[in-house]
Amino acid sequence: MISVEEAQEQVLSRIVALDTERVTLLESLGRVLAADVISDIDVSPFDNSAMDGYAVRFADVRDASEASPVTLQVVDHIPAGVQPEIPVGPGQASRIMTGAPVPDGADAVVMVERTRAGSNGGSTGGTVEVLRPVTPGENIRSRGEEVREGEAVLLAGETIGPAAIGLAASVGHDTLLVRRRPRVAIVSTGDELVEVTVKPGPGKIRNSNSHSLAAQVLQAGGEPYVLGIARDTEEDTRALLKRAPEFDLMVTTGGVSMGDFDVVKKVLEEMGKLDFWKVAMRPGAPQTFGTIGGTPFFGLPGNPTSTMVGFEMFVRPAIRKMAGFTALARPRVVATLNHDTKKKSDRRYFLRGRLTRSPGGGYTAAISGNQSSALLTAMHRGNCLISLPEGESFVAAGTEVMCIRIDIEEGTA
Ligand code: AMP
Ligand code: MG
C-alpha cells in the first residue's frame with residue numbers, strides 16, 4: 001500500500017500537457033492559453049474622455065469656483081466615434097461625450113456636473129461656466145493605457161476568463177490557441193448495474209457512477225465519453241478497456257477490490273501496465289492506476305463516494321495537468337474538528353465535511369452526513385474533504401485538521 005502523496009506523484013509523473021488547438025473566443029473560456037496574445041493596436045487607440053463634459057485647457061480653469069465661475073466659448077460638440085477637427089484654444093471648450101477623442105489643445109475634461117450651461121444652452125456657439133478647477137489630464141484616458149501595439153495583453157499559461165476574452169477581442173483576436181481538453185473515457189463495471197431510466201429489478205442498482213464521474217470530468221476541464229457498462233467478465237471488461245487508446249485517459253469504476261468477480265485489475269495487467277492498485281486511504285483503498293497502450297488508466301473503486309474521492313485525489317489533477325494547468329492542488333484550510341473520530345491508524349481518512357466560519361474567527365469542520373462510502377448525500381451536502389492523517393487512531397474534537405476545499409478551484413485561494 002502506498003500513501004496518497006506517493007500515488008499522486010506516480011500519476012503526475014506519467015502525465016504531460018496535451019497539444020494545442022485553435023478555438024473561438026467563447027470556446028476558450030476556462031481553458032489554458034498556449035501562446036501569448038499580441039495586440040495589433042494601442043488600447044485605447046487615442047486619448048479619450050472618461051466623462052460626459054467639456055474638454056478644456058487646464059490653465060483656463062485653475063481658479064474656477066462656484067463663487068467665481070470661468071466662462072468659456074463652446075467651439076465644438078464631440079460625440080463618441082468622431083475624430084474632432086476643431087482645436088480648443090485659450091478661453092475655449094468643446095462639449096465632449098465619454099469615449100470621444102480629446103481634441104487638440106485640450107488637456108483635461110470637466111465633468112458636466114461641475115459646469116453650468118451659459119448662452120445657447122452650453123452648446124456649440126454658446127458658452128459654458130466651469131464651477132471647479134481640474135488637474136492636468138483629469139478625466140482623460142490616455143492612449144495605450146491597457147496595452148501598446150506589439151505587446152502581449154495575455155500570456156501563455158494563463159487561464160481564460162471573461163475579462164481575458166474581452167482583452168483578446170479588444171486587440172483583434174477572434175480565436176485563441178489553447179491546450180486541448182483531455183478526452184476521458186468512462187466505463188462502469190458490474191453485473192448488478194442497470195441504466196438510469198430502468199427501474200432496478202431484484203438484486204440490481206442503477207449506474208450512478210458514470211454520471212457523477214462525467215460531471216467531475218467536465219468540471220475538471222475534460223470532455224467525458226461514457227462508454228457504458230462492462231459486465232463482470234474478462235471478455236466484456238477487455239472489450240471496453242481495449243478502447244483506452246482512442247482517448248487521452250480512461251476511468252473505470254468497480255471491479256478492483258477482492259471480490260470473486262473483480263476482474264479489472266487482472267485485465268489491466270494482461271492488456272497494459274499496472275503501476276499501483278492500493279492506496280492507504282479511506283474511503284476507497286483499491287485505487288488502481290496504470291496504462292493501456294500508453295493511455296493513462298484509472299480503476300476507481302465502485303462505491304459511489306469512493307469513486308468520487310478517488311477521482312478528486314488522482315484523476316482531477318491528471319486532467320488538469322493534461323489541460324495545461326499548473327495549479328493542481330485544491331485550496332486547503334486548517335479548521336477545528338467539531339467531533340471525536342475513531343479511525344484505522346494505517347489509513348488517511350477523507351471525511352465528507354462542511355466548513356463553516358467560527359464566530360471567533362477561523363473555521364470549524366463537521367461531517368456533512370453519514371460517512372458510508374456507499375452513500376452520496378454527505379458528499380452532496382459537503383464542501384470539503386476533512387483529511388485525517390495516518391498514524392492516528394483517534395482524533396479528538398477540537399483538533400486542528402486540514403480540509404481540502406472541493407468547492408473552489410485550484411489556484412484560487
Ligand atoms: P465493486 O468495487 O465492484 O465491488 O463495487 C462496490 C460497490 O459499489 C458495490 O456495492 C456496487 O454495487 C457499487 N457500484 C459499483 N459500480 C457502481 C455504479 N456504476 N454506480 C453505483 N454503484 C456502483
Ligand atoms: Mg463490481
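For ligands, and for the atoms within them, numbers begin at 1 and follow the listed sequence.
With distances taken over non-hydrogen atoms, the option nearest atom 20 (N) of ligand 1 out of Ser373, Gly255, Pro304, Ser208 is Ser208. Relative to atom 4 (O) of ligand 1, the option among Pro301, Ser306, Ser257 with the closest non-hydrogen atom is Ser257.
Below 4.0 Å from some heavy atom of Thr189 lie the following atoms of ligand 1, by number and element: 16 (N). Near Thr253, with a cut-off below 4.0 Å to any heavy atom, the atoms of ligand 1 are 16 (N), 19 (N). The distance from ligand 1 to the heavy atoms of Ser188 drops below 4.0 Å at these ligand atoms: 19 (N). Taking a cut-off of under 4.0 Å to the non-hydrogen atoms of Arg206, the atoms of ligand 1 that pass are 20 (N), 21 (C).
Of the protein's non-hydrogen atoms, the one nearest atom 12 (O) of ligand 1 is Glu192 OE2, 2.5 Å. The single protein non-hydrogen atom nearest to atom 7 (C) of ligand 1 is Asn303 OD1, 3.3 Å, given as residue, atom name and distance. For atom 19 (N) of ligand 1, the closest non-hydrogen atom on the protein side is Asn207 OD1, 2.9 Å. In terms of protein heavy-atom proximity, atom 22 (N) of ligand 1 is closest to Ile205 CD1, 3.4 Å. The nearest protein atom to atom 17 (C) of ligand 1, hydrogens excluded, is given as Asn209 ND2, 3.2 Å; this is a heavy-atom distance. With respect to atom 23 (C) of ligand 1, the closest heavy atom belonging to the protein is Gly302 O, 3.4 Å.
A donor-acceptor pair is defined here as one N or O able to donate and one able to accept, closer than 3.5 Å; such a pair exists between the side chain of Thr98 and the backbone of Asp52. With hydrogens and angles ignored, the 3.5 Å screen pairs no side-chain donor or acceptor of Lys265 with any backbone N or O of Trp277. Panel note: side chain Asp42, backbone Arg148; no donor-acceptor pair is recorded below 3.5 Å.
In this model, no donor atom of one side chain and acceptor atom of the other lie less than 3.5 Å apart for Thr356 and Thr364. Using a 3.5 Å distance cut-off with no hydrogens or angles, the side chains of Arg179 and Thr20 do not pair a donor with an acceptor.
For the pair Arg183 and Tyr225, the distance from NZ or CZ to the six-membered ring centre is under 6.0 Å and the angle to the ring normal is within 45 degrees. Figure legend: cation-pi geometry between Lys342 and Phe394 absent, as NZ or CZ is not positioned both under 6.0 Å from the six-membered ring centre and within 45° of its axis. Within the cation-pi definition used here (under 6.0 Å to the ring centroid, within 45° of the axis), Arg143 does not qualify as a partner of Phe46.
The distance criterion of under 3.5 Å between nitrogen or oxygen atoms is not met by Ser210 with respect to ligand 1.
With a heavy-atom cut-off of 4.0 Å, Leu193 touches ligand 1 through its side chain alone.
Residue pairs meeting the side-chain hydrogen bond (donor to acceptor under 3.5 Å, both in side chains) criterion with at least one member in residues 288-301, sequence neighbours excluded, do not occur.
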